[in-house]
Amino acid sequence: MPAPIPTQTLTSNRAPELQRIVDAIRIRQRFVLSSHARPDGDSIGSQLALAYALRALGKTESVVNRDPAPGPLMAFPGVADIVVADRVEEDFEAAIILECGDLDRTGVAGLDRSLLINIDHHPGNSGYGQLTWFDPHAAACGEMVFDLVRELSVPLTVEMATHVYLAILTDTGSFHYSNITPRTFEICRQTLEAGVDPVLVARNVYDSNNMGRLKLFGAVLSAMQIDPTGRIAIVYLDHEMARDAGGTYEDTEGLINLPLTVKEIEAVVFFKQVEGDEYRVSMRSKGEIDVGAVAKEFGGGGHKNAAGCTVSGPIDALQKMFIERIEKAIAMHDRSSLHR
Ligand code: 5GP
Ligand code: MN
């Protein structure tokens, strides 16, 4: 049997940056919390877990995001109170930015008028805060917020625990991605102890869609292409396809993961028309194949298994370019596994 892992490494991350952030929070009263535009489960979960903790400490906070939360997340506690705006006018004592690699990605102006605190796990975080706590090994920013809540000595309520669990569930792709550690499960264990119902969370996140979404999935998957190696799926969506299927762009959340359920498919690239020749590109991969590096080459970023960028050009040429680059990433991985 392997040696037991000391509890401290599982439950607590005593980074000095974390301690400085705890001190900064303790002596302040009014906070604004933000995250990246088009927030995902980790953005919403991290923000609201911390918002509830700040409230428990008797502080006031406002959660401000550039875009609304995805529809299925509206059922979670506190989500309906999130302010959707592209600027903050009020004066706050500190702005805590969660799950956001760069301040620009918030799409919210005026956050840098107060003390800026940056808490994130995205590789390549630009270190924009006066206080920055960056942990690329965290499977979700929600894991870091869990530590912060603990260090603030706030008892974990079911609301906080639900948001931490939501962050981890969604950011690990339902426990699929390679950034999961024993700590991930230790934190989830503690969230369940605090009263989280994982069945209810999964049902809200994954089983609360509308019919238009299913039809749209059908249309996009019917038009899916596979590259000549048989290992990369290419999916595409434009406004006309969405309209014809009776769905919206928001309905595509999660679609990109479906081609990966095919054994032979190791990476997926999804082109979504913004307008004209401009496309949002999302990529997903299995195991050690690094699509984050591919996204970075095109001015975007992300993680090894989930990344994205925005590009412009004729769609055929763009698809060819991305496929070539992903094939290279797969070949690189093939070579390194041979040497193992
Ligand atoms: P998605 O495909 O869901 O839009 O993005 C997956 C992940 O890639 C996100 O969690 C984020 O980390 C990263 N990402 C997506 N688009 C961009 C981008 O334009 N710039 C950067 N830096 N990261 C991105
Ligand atoms: Mn995240």
Side-chain angles (χ1 to χ4, degrees), residues 34-50 65-67 69-70 72-73 97-107 118-128 133-146 163-181 184 187 205 220 233-237 249-260 267-272 274 278-285 290-312 322 326:
S34 193
S35 186
H36 59 77
R38 295 180 300 110
D40 57 15
D42 193 20
S43 317
I44 300 296
S46 297
Q47 287 181 295
L48 284 170
L50 183 56
N65 286 334
R66 169 65 214 281
D67 300 302
L73 302 192
I97 318 299
L98 298 138
E99 157 72 7
C100 191
D102 196 70
L103 189 59
D104 287 347
R105 282 198 78 213
T106 59
N118 164 8
I119 301 176
D120 184 39
H121 72 139
H122 289 97
N125 182 291
S126 65
Y128 54 86
W133 174 31
F134 167 60
D135 181 4
H137 304 296
C141 185
E143 287 191 356
M144 304 173 73
V145 171
F146 176 88
H163 280 292
V164 168
Y165 185 82
L166 167 68
I168 293 174
L169 178 70
T170 54
D171 236 37
T172 59
S174 309
F175 305 103
H176 270 58
Y177 300 154
S178 55
N179 50 0
I180 297 164
T181 66
T184 309
I187 293 171
V205 175
V220 171
I234 305 109
V235 277
Y236 170 86
L237 175 68
Y249 273 32
E250 286 74 52
D251 290 329
T252 60
E253 180 68 35
L255 193 163
I256 189 169
N257 298 312
L258 291 182
L260 284 185
V268 185
V269 55
F270 187 0
F271 293 87
K272 246 187 269 185
V274 180
E278 190 182 348
Y279 296 91
R280 273 285 313 156
V281 182
S282 286
M283 289 175 279
R284 297 291 184 273
S285 64
D290 189 357
V291 288
V294 179
K296 211 167 155 193
E297 277 183 31
F298 292 98
H303 312 272
K304 189 167 55 185
N305 296 139
C309 53
T310 302
V311 292
S312 292
F322 275 85
I326 297 170

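Counting starts at 1 for both ligands and their atoms, following the listed order. Nothing here was measured: the structure is a model prediction, and the numbers come from that model.
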Report summary line: Checking distances from the Mn ion (ligand 2), one finds that the N, O or S atom of Asp42 closest to it is OD2

Requested in this report: Determine, using heavy atoms of His36 and all atoms of ligand 1, whether some pair is separated by less than 4.0 Å.
Outcome: no

Query raised in the report: Are any N, O or S atoms from Asp40 nearer to the Mn ion (ligand 2) than 2.8 Å?
Result: no

Requested in this report: Give a yes or no answer on whether the side chain of Ser35 reaches the backbone of Leu98 with a donor-acceptor pair at less than 3.5 Å.
Outcome: yes

**Report entry** Protein residue, atom and distance nearest to atom 7 (C) of ligand 1, heavy-atom basis
**Finding:** Ala306 O, 3.6 Å

Query - Protein contact of atom 8 (O) of ligand 1 - nearest heavy atom, named by residue and atom, plus distance - result: Ala307 CA, 3.1 Å

Query raised in the report: Between His121 and Asp171, is any side-chain donor less than 3.5 angstrom from a side-chain acceptor?
Result: yes

Query raised in the report: Between Asn125 and Asn118, is any side-chain donor less than 3.5 angstrom from a side-chain acceptor?
Result: yes

Requested in this report: Kindly confirm whether the Mn ion (ligand 2) is within less than 2.8 Å of some N/O/S atom in Cys141?
Outcome: no

Query raised in the report: Is the side chain of His176 donor-acceptor paired with the backbone N or O of Ser174 at a distance under 3.5 Å, no angle test?
Result: yes

Query raised in the report: Hey, are the side chains of Thr252 and Lys272 touching, using non-hydrogen atoms and a 4.5 Å cut-off?
Result: yes

Requested in this report: Kindly give the atom name of the N, O or S atom of Asp171 closest to the Mn ion (ligand 2).
Outcome: OD2

Report task. Select the closest option to atom 6 (C) of ligand 1 among His303, Arg284, Arg38, judged by heavy-atom distance. Result -> Arg284

**Report entry** For atom 17 (C) of ligand 1, the protein heavy atom that lies nearest, with its residue and separation
**Finding:** Gly308 O, 3.3 Å

Query raised in the report: Just by distance, do the side chain of Asp67 and the backbone of Arg38 share a donor-acceptor pair under 3.5 Å?
Result: yes

**Report entry** Ser282: numbered ligand 1 atoms lying under 4.0 Å from its heavy atoms
**Finding:** 1 (P), 2 (O), 4 (O)

Query raised in the report: Is it true that a side-chain atom of Ser46 and a backbone atom of Gly142 form a donor plus acceptor pair closer than 3.5 Å?
Result: yes

Query - Closest His121 atom to the Mn ion (ligand 2) [N, O or S only] - result: NE2

Query - Identified ring-ring contact (aromatic ring centres under 6.0 Å, His included) partner of Phe298 from the options Tyr279, Phe322, Phe271 - result: Phe322

Query raised in the report: What residue and heavy atom of the protein are closest to atom 9 (C) of ligand 1, and at what distance?
Result: His122 NE2, 4.6 Å

Query raised in the report: Which residue holds the protein heavy atom closest to atom 21 (C) of ligand 1, what is that atom called, and what is the gap in Å?
Result: Gly301 N, 3.2 Å

Query raised in the report: Can an N, O or S atom be found in Glu99 less than 2.8 Å away from the Mn ion (ligand 2)?
Result: yes

Query raised in the report: Which of the atoms of ligand 1 are close to Cys309, meaning less than 4.0 Å from one of its heavy atoms?
Result: 16 (N), 19 (O)

Report task. Give a yes or no on whether the backbone of Ala139 and the side-chain of Glu143 come within a donor-acceptor separation of less than 3.5 Å. Result -> yes

Query - Taking atom 19 (O) of ligand 1 as the reference point, the nearest protein heavy atom with its distance - result: Arg280 NH1, 3.5 Å

Query - Polar side-chain atom of Asp120 near backbone of His122 as donor-acceptor pair, under 3.5 Å - result: yes

